[in-house]
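Here is the structure we will look at.
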Amino acid sequence: MEKSLNLTLKVWRQAGPKAKGSFETYKVENISTDASFLEMIDILNEKLIGDHKEPIAFDHDCREGICGMCSMYINGHPHGPDGEITTCQLHMRNFSDGETITIEPWRSAAFPVIKDLMVDRSAYDKIIQAGGYVSINTGGTPDANAIPISKVNADEAMDAASCIGCGACAAACKNGSAMLFVSAKVSQLALLPQGRVEAAHRAKAMIAKMDELGFGNCTNTGACEAECPKNVSISHIARMNREFLGAKFKD
Amino acid sequence: MWLIDSSIGRKVIMSVSGIFLILFLTFHSIMNVTVLFSGEAYNAVCEFLGANWYAVVGSMVLAAGFVVHIIYALYLSILNYKARGTNRYAVTKRQEGVKWASKNMLILGGVIFGFMALHLFQFWYKMQYAELSGVPTGDFHPADGTAFIIQLFSQPLYCVLYIVWLAALWFHLTHGVWSALQSIGLNNKTWLPRLKCFANIYSTFIILLFIAIPVLFLFGFRPM
């Protein structure tokens with residue numbers, strides 16, 4: 001049933017990468033429980049623009065949980081309190097009337113704030129550029145089932161490939177570690193024959209880049225997995241550790 | 001060197017030194033329970049692990065294991081603290097399924113280290129050290145472990161302190177046992193819940209063996 005909410009928002013405002021940020025408090029009224037979280041921010045921004053104030057800058061694109069652009073740390077959780085969804089899929093029915101909602105950007109040394117709630121996540125792109133691809137020419141489409149792939153591996157690779165690179169794992173991690181993201185990318189390719197060829201080189205190159213960019217060291221708390229909007233499992237981290245150690249011992 | 005330069009290499013060092021220390025704890029706890037059955041048998045163990053060359057070499061390797069584990073813990077914690085950035089979250093919540101111990105391994109380690117210093121002073125200093133240096137530092141013969149245990153745990157305060165210490169160690173182990181295997185890559189989706197269950201059972205087993213002594217002493221038990 002549709003109801004409306006009156007809420008207090010504590011939003012992180014920061015004019016630029018070097019500026020000092022702080023929390024601003026805003027009141028929003030008559031927000032439908034059917035509205036999405038980003039729609040609620042849109043309503044607030046309309047109001048701010050109407051009052052000739054600077055609207056809140058935040059990342060968003062597809063608004064259907066595929067692109068991984070939206071990035072807000074809402075009440076202590078990346079992508080908000082609801083599980084297995086991105087911020088754009090979060091609905092206002094998860095909140096109660098009169099509640100105070102704290103909205104922060106991802107905070108991690110490797111994700112510097114650009115403005116307000118927007119952070120620079122190009123570190124993830126750089127990790128992909130270091131080895132998250134298949135460099136061989138695969139030619140035309142091969143016959144289906146010409147190379148048999150077990151159902152187990154196909155499922156695992158598919159689960160790993162569901163990672164959208166939103167950065168919630170590194171944002172939620174007390175160590176600022178990007179291991180869940182990198183392991184999902186390493187796993188997705190290492191499990192299939194096309195990617196298997198370069199698996200050892202890929203693991204070494206991507207991990208070296210991850211360390212270089214200032215991400216932390218994994219301590220297996222599992223916070224990343226709990227906050228991942230795509231429910232990527234930390235068992236991929238074990239697989240990446242295996243790939244990396246295997247490659248290093250071979251050298 | 002990749003063991004130092006790479007994040008996974010650093011974790012391997014934590015993992016391998018951790019597994020080594022877990023094996024030591026297993027040995028130590030099994031050795032301890034002999035005192036519950038026979039004071040004489042326990043003293044024979046103390047005699048065996050006194051100032052003999054293999055006991056001294058073993059102690060040195062063990063000390064090196066502790067040093068490596070502690071230094072890497074501090075080093076990793078500093079790196080991880082830096083990786084979080086300069087601004088901290090105003091609101092943080094622990095996620096469902098994320099164990100308290102897993103986020104507080106350094107603090108638990110600190111507690112364990114503090115008590116370990118006390119423990120070394122109360123037993124190692126009066127036993128192996130006394131035997132090596134030839135200076136009697138305790139009230140009894142260095143190999144008379146049973147007498148030292150009776151002397152210490154006759155004071156309820158120390159029983160309680162040791163129980164607190166072992167509780168902290170239990171928390172540390174419940175995360176450490178499975179995490180060590182995860183870090184060296186010995187894990188997958190099927191084994192993840194199994195390893196977590198195994199970690200709980202194994203750490204409870206070790207701690208029960210250890211804690212039996214102060215708890216029984218608290219209830220008036222004395223070895224024969």
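Within every chain, numbering begins at 1; the chains are lettered A, B, ... in the order of the sequence lines, protein sequences first and strands thereafter.
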[X] versus chain B, heavy atoms under 4.5 Å apart: side chain, backbone, both or neither?
| X | result |
| --- | --- |
| A:Asn75 | both |
| A:Ile74 | neither |
| A:Phe244 | side chain |
| A:Phe111 | neither |
| A:Ala171 | both |
| A:Ala208 | neither |
| A:Thr102 | side chain |
| A:Leu213 | neither |
| A:Pro105 | backbone |

## Note on the structure
When the 4.5 angstrom heavy-atom criterion is applied to B:Leu192 and chain A, the contacting part is side chain
Flag the one option from [options] with the top tally of heavy-atom pairs under 4.5 Å to chain A.
| options | result |
| --- | --- |
| B:Ala101, B:Gly9, B:Gly97, B:Ala90 | B:Ala90 |
| B:Ile8, B:Val98, B:Asn187 | B:Ile8 |
| B:Leu181, B:Val91, B:Thr92 | B:Val91 |

State whether the number of non-hydrogen atoms from other residues, nucleotides or ligands found under 6.0 Å of [X] atom [atom1] is greater than 12.
| X | atom1 | answer |
| --- | --- | --- |
| B:Lys93 | NZ | yes |
| B:Phe221 | CZ | yes |
| B:Phe121 | CZ | no |
| B:Phe66 | CZ | yes |
| B:Trp2 | CH2 | yes |

### Summary
Residue from A:Ala170, A:Ala172, A:Gly214, A:Ala223 scoring the most non-hydrogen pairs under 4.5 Å with chain B is A:Ala223
### Query
Picking from A:Phe37, A:Trp106, A:Tyr73, what satisfies ring pair (Phe, Tyr, Trp, His ring centres under 6.0 Å) with A:His79?
A:Trp106
[atom1]/[X] to [atom2]/[Y] distance, rounded to the nearest 0.5 angstrom?
| X | Y | atom1 | atom2 | value |
| --- | --- | --- | --- | --- |
| B:Arg194 | B:Asn188 | CZ | CG | 8.5 Å |
| A:Ser177 | A:Phe215 | OG | CZ | 8.5 Å |
| A:Lys151 | A:Glu156 | NZ | CD | 11.0 Å |

So if I take each residue of [range] and look for any heavy atom under 4.5 Å from a heavy atom in chain A, which residues do I end up with?
| range | answer |
| --- | --- |
| residues 81-88 of chain B | B:Lys82, B:Ala83, B:Arg84, B:Gly85, B:Asn87, B:Arg88 |
| residues 102-118 of chain B | B:Ser102, B:Lys103 |
| residues 171-180 of chain B | B:His175, B:Trp178, B:Ser179 |

Is it true that [X] and [Y] have ring centroids separated by less than 6.0 Å?
| X | Y | value |
| --- | --- | --- |
| B:Phe20 | B:His69 | no |
| B:Tyr54 | B:Phe48 | yes |
| B:His119 | B:Trp165 | yes |
| B:Phe37 | B:Tyr42 | no |

### Query
Of the non-hydrogen atoms in A:Ala203 and A:Glu243, which two are nearest, and what is the gap between them?
CB-CB, 4.0 Å
### Query
Do we get A:Arg107 above A:Trp12's six-membered ring, with its NZ or CZ under 6.0 Å from the centre and within 45° of the axis?
yes
Answer whether the closest heavy-atom distance between the side chains of [X] and [Y] falls below 4.5 Å.
| X | Y | result |
| --- | --- | --- |
| B:Gln182 | B:Leu186 | no |
| A:Leu191 | A:Ile149 | no |
| A:Lys174 | B:Asn80 | no |

### Query
Which of residues 116-126 of chain A get closer than 4.5 angstrom to chain B, counting heavy atoms alone?
none
### Message
Any carboxylate oxygen within less than 4.0 angstrom of a Lys/Arg side-chain nitrogen, looking at A:Asp159 and B:Lys189?
### Response
yes
#### Entry: side chain to side chain contact (heavy atoms under 4.5 Å, CB included), paired with A:Met240, selected from A:Leu180, A:Ile207, A:Leu245
A:Ile207
### Task
Decide yes or no on salt bridge (charged side-chain N to carboxylate O under 4.0 Å, His left out) for A:Lys115 and A:Glu54, but give the supporting numbers first.
CA-CA 11 Å; A:Lys115 190 179 181 183; A:Glu54 182 81 12; 2.5 Å; yes
### Message
For B:Asp5 and B:Arg10: C-alpha separation, side-chain torsions, deciding distance, then whether salt bridge (charged side-chain N to carboxylate O under 4.0 Å, His left out) applies.
### Response
CA-CA 7 Å; B:Asp5 299 338; B:Arg10 289 189 284 262; 6.0 Å; no
### Result of checking A:Asn217, A:Asn241, A:Thr219, A:Asn220 against B:Ser183 for side chain to side chain donor-acceptor pair (under 3.5 Å)
A:Asn220
